[in-house]
Structures are given as structure tokens and as C-alpha cells.
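Working notes, structure below.
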Amino acid sequence: MYEKDGEKYYVVDGHVHIWDGRASNHKNVHGKQFIDCFYDYHKNLSPEEVVWDYDTYTYYGAERFMKDLFGEGYVDHAIFQATLLSDFYHNGFGQTEEAFGLTRQHPDKLTYNHAYDPRHGEAGLAQLRRDAERFGLKGVKLYTAEWHGDSRGYKLDEPWSRRYLEECLELGIRNIHVHKGPTIRPLDRDAFDVADIDKVATDYLDLNFVVEHVGLPRLEDFCWIATQESNVYGGLAVAMPFIHTRPRYFAQIIGELLYWIGEDKILFGSDYALWTPKWLVEKFVDFQIPADMPEYAPITTDQKKKILGLNAAALYDLDVPRQLRLPTQAGDADAEVAAGAGAP
């Protein structure tokens with residue numbers, strides 16, 4: 001929980017990782033290219049005092065993860081978003097067993113979302129069923145630009161991808177997180193295009209599509225899609241650190257999102273360990289639209305509370321302490337309890 005000026009914020013970090021980018025895990029040069037690109041994002045967009053050394057960044061492990069999120073970072077709950085990149089790393093980039101092990105140790109603090117690749121066909125579907133049972137999946141994370149053999153990406157509306165989305169419905173996996181943001185070397189920018197979100201969101205209304213990184217650099221395309229599709233949400237990972245290096249650019253991003261898709265469909269994410277949540281939370285709570293940008297309305301405290309945690313809590317059915325809910329949410333919860341007790 002974060003508290004400032006008498007206001008308390010329930011924080012859900014909706015986008016976190018434990019990864020292994022060490023040379024010993026590189027399958028080829030692309031493994032090094034990927035982690036180097038990650039480090040450049042971290043180094044160039046973070047305040048100088050929170051920049052890590054390169055060796056720590058390539059692998060930091062569970063102990064530092066827990067300290068940075070829950071010891072120092074104000075996070076109440078965090079959601080792992082798996083990134084496998086099996087063509088680049090011997091044991092995968094995201095560390096499934098370590099992340100899931102932490103989730104089992106701290107189920108009140110962590111949710112694990114695994115990944116799938118529809119190009120694996122029937123074998124991948126069978127694996128998805130096993131993963132759903134083992135991990136208790138409420139969500140998955142998709143990387144449409146991930147390489148697989150000769151393929152350098154896929155679209156969400158392709159036949160096999162649709163088959164996997166239908167399987168998610170059968171398995172009760174409702175939250176589909178999709179990386180639709182800045183490219184990462186050596187992946188291809190166009191493979192992250194947001195247009196396919198429009199098609200599947202229309203066709204699978206019982207799924208929630210969380211567009212991670214709000215489609216950057218295609219913010220306008222994303223906003224036009226998300227404003228008409230009620231089941232499309234925006235994840236702020238990668239957009240958040242611009243609050244430090246380019247505050248006016250961040251003001252434009254958050255202003256456009258609030259105008260187009262509204263305060264109920266925007267989710268905070270640090271993308272740890274690209275960035276640590278502590279400074280992002282502090283700066284966001286303090287942030288306000290500059291006075292000389294009157295096309296955007298001021299951001300209210302209630303809007304910040306929704307973005308920092310309450311929206312993600314609703315998607316994942318997290319039990320938010322009553323004192324950290326908004327007054328309308330607390331009232332709704334009391335009504336549900338009364339109804340369950342048979343009150344008139």
C-alpha cells in the first residue's frame with residue numbers, strides 16, 4: 001500500500017517478471033540482443049539513482065524481486081506476465097518454475113500468468129490444458145512478434161490463434177494480455193501492430209484483452225479500437241517511465257487514454273525489472289497534467305487509485321481491503337454480503 005497526503009492506494013503491479021538474460025542462457029546472438037535492448041530501456045528511462053549494473057540486471061532472482069516489489073515498492077499484489085522466447089534462450093527468458101514457486105509461496109501477493117504460442121498447434125493446445133490446471137490460470141501473456149522457426153510473428157485473428165482463444169474460454173482463462181508496444185531487438189515492429197486486437201475483441205466478448213504498453217507507438221490506433229470495444233484494456237508498462245524522462249509525453253499518453261477509453265480500463269504496470277515500482281508509484285501519485293495542456297482534464301485521486309490497482313483487482317477478483325476501496329466499491333461489497341446473508 002502507498003499512502004500520501006492522507007490518501008491510501010491499493011497497488012497492483014500488473015506486469016512483472018523474473019528473467020534469466022545471462023550469457024549462459026543465450027541460445028544465439030538474439031538472446032544477447034534482447035537483454036541488451038531491455039537494459040538500454042532501463043538505463044535511459046530510469047532516474048540515475050535507480051539504475052542497476054548490467055550483471056545484476058541480467059539475473060536478479062526471487063529475493064531481490066520480493067524486496068523491490070513488496071518490501072520497498074508499495075505493491076500489494078503483482079501479476080507475472082511470462083515471456084518465453086524459446087528460440088533465443090535455452091531455458092526460456094522468463095523463469096517459469098521460479099516465478100510459479102514464488103506464487104505458491106505467496107498466493108495472496110502473486111498471480112502467475114503463463115504463455116502459449118498458437119503455432120504449436122494441437123500439441124500446444126494439450127500443453128495449455130495442462131498449464132491451466134497446474135498454474136490455475138486466470139490469464140495468459142502473448143508475444144505476437146516472438147520467433148518460431150522460420151516464422152517471425154503471428155496475428156491474433158489467424159485460425160490457430162482463434163482456436164487457442166476458444167480453448168481459453170473453455171478453460172476459464174478470461175484475461176488475454178498481449179504485447180502490443182515498442183519493438184525489442186531483434187523482433188519486428190510490425191508484428192506488434194494492434195489491428196488484430198480489433199477483430200478478436202469483437203468476436204470474443206467474454207474475454208478481456210489487455211493491450212500491454214497501450215500500443216505504443218500506435219497510441220492513436222489503440223485508442224480508436226479500445227474506445228469501441230468494451231473488453232479492451234490498456235496496460236501502462238513501458239509508458240510509465242516517460243513520467244520521468246518525458247513528462248509532457250506521458251501527460252499526452254495518459255490524457256488521451258482517459259479521454260478515449262476512460263479511467264476504468266487503464267492498468268498500472270512497472271514491467272519489473274525494466275523498472276522498479278517504487279519511483280513509478282511515487283511519481284504517478286504526484287503527477288498532474290501541465291496547466292498549459294488544457295485539452296486534457298486534470299487527473300483525480302480516484303482515477304489514480306483505479307489505475308494503480310483497483311482496475312486490475314476487479315479483473316482478477318482480488319480481495320481489496322475495505323479501507324482501500326472507493327466509497328462506491330465499498331458500498332457494493334456491503335450489498336453483496338447482505339444479499340448473501342439473505343437480507344431483504
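Residues take their numbers from the sequence shown, with the count starting at 1.
The side-chain heavy atoms of Tyr9 and Glu3, taken from C-beta on, include no pair separated by under 4.5 Å. Within the 4.5 Å cutoff, no side-chain heavy atoms of Phe93 are placed close to those of Asn25. Proximity of Val16 to Ile79: side-chain heavy atoms (C-beta onward) are nowhere separated by under 4.5 Å. For the pair Thr245/Leu45, a side-chain contact is recorded, criterion being any heavy-atom separation below 4.5 Å from C-beta on. Counting only heavy atoms from C-beta outward, the side chains of Pro277 and Val75 approach each other to under 4.5 Å. Side-chain atoms of Lys4 and Glu7, non-hydrogen and from C-beta on, never get closer than 4.5 Å to each other. Looking at heavy atoms from C-beta onward, Asp131 lies out of side-chain contact with Tyr116 at the 4.5 angstrom threshold. Between Phe192 and Val194, every side-chain heavy-atom pair lies at or beyond the 4.5 Å cut-off.
Less than 6.0 angstrom separates the ring centroid of His213 from the ring centroid of His15. A distance below 6.0 Å separates the ring centres of Trp19 and Phe38. Checked against the 6.0 Å centroid criterion, the rings of Phe65 and Phe80 qualify as a close aromatic pair.
Using a distance-only test at 3.5 Å, with no hydrogens or angles considered, no donor-acceptor pair links the side chain of Thr276 to the main chain of Lys278. Checking side-chain atoms of Tyr41 against main-chain N and O of Val238 turns up no donor-acceptor pair under 3.5 Å. Judged by distance alone, with hydrogens and angles left aside, the side-chain atoms of Asp13 form no donor-acceptor pair with the main-chain N or O of Leu69 at under 3.5 Å. A side-chain donor-acceptor contact under 3.5 Å links Glu158 to the backbone of Lys155. In this structure a side-chain-to-backbone donor-acceptor pair under 3.5 Å is present from Lys265 to Ala226. A donor-acceptor contact shorter than 3.5 Å is absent between the side chain of Glu63 and the backbone of Tyr60. When atom types are taken as modelled, the side chain of Glu256 and the backbone of Glu220 share no donor-acceptor pair closer than 3.5 angstrom. One N or O on the side chain of Asn311 and one on the backbone of Glu263 form a donor-acceptor pair closer than 3.5 Å. Between the Asn175 side chain and the Lys141 main chain, no donor and acceptor come within less than 3.5 Å of each other. The backbone N or O of Gly21 sits less than 3.5 Å from a side-chain atom of His26, completing a donor-acceptor pair.
The pair Asp193-Arg218 counts as a salt bridge, with a side-chain nitrogen and a carboxylate oxygen less than 4.0 angstrom apart. For Glu282 and Lys304, the salt-bridge test fails: no basic side-chain N is under 4.0 Å from an acidic carboxylate O. A salt bridge links Asp264 to Lys306: one of the charged nitrogens lies within less than 4.0 Å of a carboxylate oxygen. Here Arg325 pairs with Asp319 in a salt bridge; the nearest charged N to carboxylate O distance falls below 4.0 Å. Using a cut-off of 4.0 Å between Lys/Arg side-chain N and Asp/Glu carboxylate O, Asp221 and Lys180 are scored as not salt-bridged. Residues Arg129 and Glu167 are paired through a salt bridge, judged by an N-O separation under 4.0 Å between the basic side chain and the carboxylate. Salt bridge absent: Arg119 and Glu146 never bring a charged side-chain N and a carboxylate O closer than 4.0 Å.
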Starting from the C-alpha separation in whole Å, work towards a yes-or-no answer on side chain to side chain contact (heavy atoms under 4.5 Å, CB included) for Ile289 and Arg248. CA-CA 8 Å; Ile289 300 289; Arg248 293 181 66 84; over 6 Å; no
If you apply the rule side chain to side chain donor-acceptor pair (under 3.5 Å), what do you find for Gln81 with His17, and how did you get there? CA-CA 6 Å; Gln81 304 292 356; His17 313 271; over 6 Å; no
Begin with the C-alpha distance, continue with both residues' side-chain angles, and end with the deciding distance and a verdict on side chain to side chain contact (heavy atoms under 4.5 Å, CB included) for Trp52 and Ser46. CA-CA 10 Å; Trp52 296 9; Ser46 299; over 6 Å; no
Under the side chain to side chain donor-acceptor pair (under 3.5 Å) criterion, do Glu166 and Tyr204 qualify, and how do the steps go? CA-CA 8 Å; Glu166 290 158 7; Tyr204 299 99; 3.2 Å; yes
As a quick check of understanding, evaluate salt bridge (charged side-chain N to carboxylate O under 4.0 Å, His left out) for Arg64 and Glu98, giving each step before the final call. CA-CA 13 Å; Arg64 176 147 192 172; Glu98 191 168 8; over 6 Å; no
Before you tell me yes or no, could you show the steps for Asp203 and Arg162 under salt bridge (charged side-chain N to carboxylate O under 4.0 Å, His left out), namely the whole-Å CA-CA distance, both residues' side-chain angles and the distance that decides it to 0.1 Å? CA-CA 9 Å; Asp203 294 342; Arg162 288 177 176 272; 2.9 Å; yes
One pair to check against side chain to side chain contact (heavy atoms under 4.5 Å, CB included): Tyr164 and Asp117. What are the steps and the verdict? CA-CA 9 Å; Tyr164 277 65; Asp117 187 329; over 6 Å; no
I would like to know whether Val50 and Trp275 meet side chain to side chain contact (heavy atoms under 4.5 Å, CB included); could you show each step before the answer? CA-CA 9 Å; Val50 298; Trp275 300 280; over 6 Å; no
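Residues Tyr10 and Phe284 fall into different hydrophobic clusters, defined by Ile, Leu, Val, Met, Phe, Trp and Tyr side chains chained together at heavy-atom separations under 4.5 Å. Taken together through direct or relayed side-chain contacts under 4.5 Å among Ile, Leu, Val, Met, Phe, Trp and Tyr, Phe209 and Leu267 form parts of separate hydrophobic clusters. Criterion: ILVMFWY side-chain heavy atoms under 4.5 Å apart, direct or through other members. Under it, Leu257 and Ile197 are part of a common hydrophobic cluster. Cluster membership for Met1 and Val281, using ILVMFWY side-chain heavy atoms within less than 4.5 angstrom, is not shared. Trp147 and Leu156 fall within a single hydrophobic cluster, where Ile, Leu, Val, Met, Phe, Trp and Tyr side chains are chained together by heavy-atom contacts under 4.5 Å.
Below 30°, between 30° and 60°, or above 60°: for His30 and Phe88 the angle between ring planes is between 30° and 60°, a tilted geometry. Relative ring orientation between Tyr74 and Tyr2 is described as tilted, the plane-to-plane angle lying within the 30° to 60° band.
Of all non-hydrogen atoms in Leu219 and Ile253, the two that sit nearest each other are CD2-CA, 3.9 Å. Shown here for Thr111 and His77, the closest heavy-atom pair between the two residues is OG1-NE2, 2.8 Å. Heavy atoms only, all atoms of each residue included: Ala62 and Ile18 are closest at CA-CD1, 4.1 Å. When all heavy atoms of Asp196 and Asp157 are compared, the closest pair comes out as CB-OD1, 3.6 Å. Residues Ile307 and Ile254 share a closest heavy-atom pair of CD1-CD1, 4.2 Å. For the pair Asp188 and Ala145, the tightest heavy-atom approach, listed with the atom from each and the gap, is O-CB, 4.1 Å.
For the residue pair Glu212/His177, the side-chain donor-acceptor check at 3.5 Å is satisfied.
For the atom pair CE of Met293 and CD of Gln252, the computed distance is 6.0 Å after rounding to the nearest 0.5 Å.
For residues 121-142, the ring-ring contact (aromatic ring centres under 6.0 Å, His included) pairs, not counting sequence neighbours, are Phe100-Phe135, Tyr112-Phe135, His114-Phe135.
Partner of Phe242 under the ring pair (Phe, Tyr, Trp, His ring centres under 6.0 Å) criterion, out of Phe287, Phe250, Tyr249: Tyr249 alone.
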